[in-house]
2 protein chains.
Amino acid sequence: MTQSISVRQQPAISKASCQHCSLSNLCLPLALDNSEMSRLDEVVNRDRIFNRGEQVFGQSTPFRSCFAVKSGAIKTSMITESGDEQITGFFMPGELVGLDSMSDDHHASTAKALERTSVCEIPVDQLEQLVHVLPGLQHHMFHLMSQEIRNSHQLSVLLSKNTAEERIAALLLSLSSRFRRRKLSPTHFNLPMARNDIANFLGLAVETVSRVFTRFQNQGLIRARGRDIELLDLEALQVMAQGTSQP
Amino acid sequence: MTQSISVRQQPAISKASCQHCSLSNLCLPLALDNSEMSRLDEVVNRDRIFNRGEQVFGQSTPFRSCFAVKSGAIKTSMITESGDEQITGFFMPGELVGLDSMSDDHHASTAKALERTSVCEIPVDQLEQLVHVLPGLQHHMFHLMSQEIRNSHQLSVLLSKNTAEERIAALLLSLSSRFRRRKLSPTHFNLPMARNDIANFLGLAVETVSRVFTRFQNQGLIRARGRDIELLDLEALQVMAQGTSQP
DNA sequence: CAGGCCTCTTGATTCATATCAATCGATACA
DNA sequence: TGTATCGATTGATATGAATCAAGAGGCCTG
């Protein structure tokens with residue numbers, strides 16, 4: 001039996017300011033000094049809470065704000081005209097959601113909380129004004145958006161070039177490095193999302209995801225008990241993720 | 001026999017300025033008034049020419065500039081560690097290439113000319129400064145980058161949810177609307193890219209692309225002679241592109 | 001004008017993964 | 001406490017597109 005004491009994220013004793021937020025070195029404040037940070041503080045709508053499954057915004061929602069994840073996790077997806085969902089990203093604490101919507105007056109995607117999640121809401125009109133007086137923030141915004149493009153291209157590569165095993169290895173490693181970034185264990189963590197979401201994101205059937213997990217387990221690459229995941233052989237996973245196309 | 005007089009794009013009698021460029025209503029100047037445009041003019045490196053197959057930049061190139069396509073066409077791709085290419089986008093006149101690289105000091109992708117192509121080079125450090133004094137341009141840059149994220153997400157949807165036929169229909173329609181935007185015929189145009197590139201971009205084998213083209217032709221949806229394409233039934237293509245998943 | 005080299009097309013076979021079907025376990029529910 | 005519901009797993013079968021193989025049509029080059 002594993003300890004089943006749920007290690008809930010304490011909502012960080014933030015005095016409702018970026019300065020005191022434990023994520024300030026990951027999130028937007030990363031690019032700012034203290035005085036600049038307080039400018040940002042003024043426009044941020046702190047601590048909006050969403051329960052698992054609740055929608056942060058939808059494709060029909062007018063676009064007013066971006067959201068920084070504070071705790072929990074969010075998935076974004078596009079719902080096609082024929083009604084099915086394609087998950088386009090998972091967002092963890094310190095990451096910014098909604099950057100794909102800045103080219104329109106309504107959101108380009110739907111964002112849902114994967115678990116109980118708290119976010120900081122950042123109104124875009126105020127963000128744009130702020131960016132205008134804080135060159136560092138502007139640069140950082142370009143950086144973030146560019147990163148987002150790159151991630152998405154990377155996803156395209158995964159979807160069109162890689163096998164089921166390679167895709168799943170890549171996802172596990174991506175999650176791992178994001179946990180590491182937050183100074184959490186990169187080898188033992190809880191998946192914030194269901195198998196279903198993984199399958200959808202990676203363009204696979206749930207059954208395939210399940211099979212690959214058990215295969216990985218039999219090969220001694222991981223240990224998986226539901227959402228509790230342990231990566232036992234990072235190197236092997238890295239090799240796997242890269243794909244070995246040419247002989 | 002079709003007229004084989006090649007309708008080469010005249011390099012627009014641009015007096016080397018955005019004001020006189022025929023693309024000013026599509027490209028960056030879109031967001032600017034005349035005085036602002038001349039500021040942009042000062043930083044743009046005009047009329048760099050690349051022949052078919054030549055590289056505009058590569059993944060190892062230090063990132064200094066974005067490029068606006070003036071005539072011709074460009075493909076961008078990511079080369080994976082295992083050495084194979086995944087095309088991430090096609091860029092036509094009036095479109096901006098290189099936005100995925102603003103988060104790093106080297107390019108995130110490789111850009112190659114698909115045919116003889118002229119581009120305007122825009123040094124990023126100067127662009128960032130300019131953006132800082134021209135709020136309209138800043139807004140537009142956010143818009144463009146956001147659009148790029150959206151496009152890429154759209155590609156992911158295509159790759160993971162749609163059949164070969166649906167993907168190809170979608171690509172043809174995307175090209176069509178981009179020709180329309182430039183006031184060219186949306187139903188009769190020359191593909192700037194080879195079948196190979198289409199296949200790669202859409203995550204298919206060349207043979208599959210070829211087969212789908214002939215199938216479409218037999219169904220009376222298109223007429224295809226090599227790169228010369230005529231869309232005969234836009235509506236049917238639209239229906240096809242959306243995919244009919246649920247019964 | 002012939003030869004060589006691409007690009008594109010067409011046909012036959014194979015394979016990875018989807019789909020269909022059933023069971024199991026856990027959590028929620030009343 | 002039993003029952004309904006949902007998520008995950010496992011097995012059997014079907015299939016869309018890849019791969020393998022070969023030929024056809026252009027286009028350049030010597």
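Protein chains get the first letters and strands the later ones, always in sequence-line order, with residue 1 at the start of each.
In this structure, the CD atom of A:Q217 is 13 Å from the C1' atom of D:dA8, given to the nearest Å. If you measure from atom CG of A:N200 to atom C1' of C:dA18, you get 14 Å, rounded to the nearest angstrom. When the C1' atom of D:dT15 is taken as reference, atom CD of B:E165 falls 14 Å away, rounded to whole Å. Taking atom CD1 on B:I198 and atom P on C:dT7, their separation rounds to 13 Å, with Å as the unit. Note: CZ (A:R52) to C1' (D:dG7) measures 11 Å, nearest angstrom. Regarding B:R215, its CZ atom lies at a distance of 13 Å from the C1' atom of C:dG11, rounded to whole Å. Across the protein-nucleic acid pair, A:R227 atom CZ and D:dT9 atom P stand 11 Å apart, rounded to whole Å. The distance from atom CG of B:L204 to atom C1' of C:dT9 is 16 Å, rounded to the nearest whole Å.
Under a 3.5 Å cut-off, the side chain of B:T88 and the backbone N or O of B:T76 do form a donor-acceptor pair. Looking only at distances, no side-chain donor or acceptor of B:S118 sits under 3.5 Å from a matching main-chain atom of B:D47.
A side-chain donor-acceptor contact under 3.5 Å links B:S174 and B:R178. Counting only N and O atoms by type, the side chains of B:Q86 and A:S160 include a donor and acceptor under 3.5 Å apart. Between the side chains of B:D228 and B:H188, at least one donor N or O lies within less than 3.5 Å of an accepting N or O.
With the nearest nucleotide of DNA chain C identified for both B:N196 and B:R211, B:N196 has the one nearer the 5' end.
A salt bridge links B:R48 with B:E121: the distance from a Lys NZ or Arg NE/NH1/NH2 to an Asp or Glu carboxylate oxygen falls below 4.0 Å. Using a 4.0 Å cut-off between a side-chain N of Lys or Arg and a carboxylate O of Asp or Glu, B:R215 and B:E165 qualify as a salt bridge. A salt bridge between B:R225 and B:E230 is absent, with no side-chain N of the basic residue lying under 4.0 Å from a carboxylate O of the acidic one.
Here the nucleotide nearest the side chain of A:E207, chosen from C:dT9, C:dT10, D:dG11, is D:dG11. For A:A205, whose side chain is taken as the heavy atoms from C-beta onward, the closest listed nucleotide among C:dT17, C:dA18, D:dA17 is C:dA18. In this structure, of D:dT9, D:dA17, C:dT9, it is D:dT9 that holds the atom nearest to the side chain of A:R195.
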Assess whether ring pair (Phe, Tyr, Trp, His ring centres under 6.0 Å) is satisfied between A:H106 and A:F63, documenting all intermediate values. CA-CA 4 Å; A:H106 56 81; A:F63 175 60; 9.6 Å; no
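Phosphate proximity of D:dT10 to A:T214: present, with a side-chain N or O under 4.0 Å from OP1 or OP2. The shortest distance between the side-chain N/O atoms of B:T163 and the OP1/OP2 oxygens of D:dG16 is not below 4.0 Å.
Inter-axis angle, ends of the helix from C:dC1-D:dG30 to C:dA30-D:dT1, five pairs per end, rounded to 10 degrees: 40°.
Contacts of B:A194 with the nucleic acid, taken as non-hydrogen atoms under 4.0 Å apart, involve only primed sugar atoms and P, OP1 or OP2.
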Could you run down the sub-3.5 Å N/O contacts of the protein with nucleotides 24-28 of chain D?
none

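Sequence neighbours left out, the pairs with a member in residues 191-200 of chain B that pass salt bridge (charged side-chain N to carboxylate O under 4.0 Å, His left out) are B:K75-B:D197.
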